[in-house]
Amino acid sequence: MLTCREASKGISMSMDRKLPVHHRIGLLLHLAICKYCRRFRKQLHIIRDLFAGREDLYLQAVPAEGLSRDAADRIKNRLKAYVE
């Protein structure tokens, strides 16, 4: 079983290239039981989408509870400043 450190490295590498089968299987098994690594993978995908010009997707990552619309707009504007 992979550790979270190994899984996070595998998640990062998988965004740039296809992992060997045994690494993918190990990563999938780890992701099936580790909510923190699933969250990390989701965050990396969001960051990649932001830098690919898909900043509208950031709203899907912002938790609906506990965050005002004004706060969400401020976050969006800050993120846009980094992308542009």
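The shown structure was predicted, so the numbers you read here are calculated from the model rather than taken from an experiment. Numbers for residues simply follow the sequence, beginning at 1.
Applying the side-chain contact (heavy atoms from CB on, under 4.5 Å) rule to Ile47 yields the partners Phe51; only residues at least two apart in sequence or on another chain are considered. Residues passing the side-chain contact (heavy atoms from CB on, under 4.5 Å) test with Asp70 are Ser68, Arg74, sequence neighbours excluded.
Here side-chain hydrogen bond (donor to acceptor under 3.5 Å, both in side chains) pairs that include residues 3-28, with residues two or more places apart or in two chains, are Thr3-Glu6.
Other residues sharing the hydrophobic cluster of Leu2, ordered by chain and number and joined by side-chain separations under 4.5 Å: Ile11, Met13, Met15, Leu19, Leu27, Leu31, Phe40, Leu44.
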*Take Lys42 and His45, measure what side-chain contact (heavy atoms from CB on, under 4.5 Å) needs, and give me the verdict at the end.*
CA-CA 5 Å; Lys42 182 178 180 182; His45 283 282; 5.8 Å; no
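Closest approach of His30 and Ala7 over heavy atoms only: CD2-CB, 3.3 Å.
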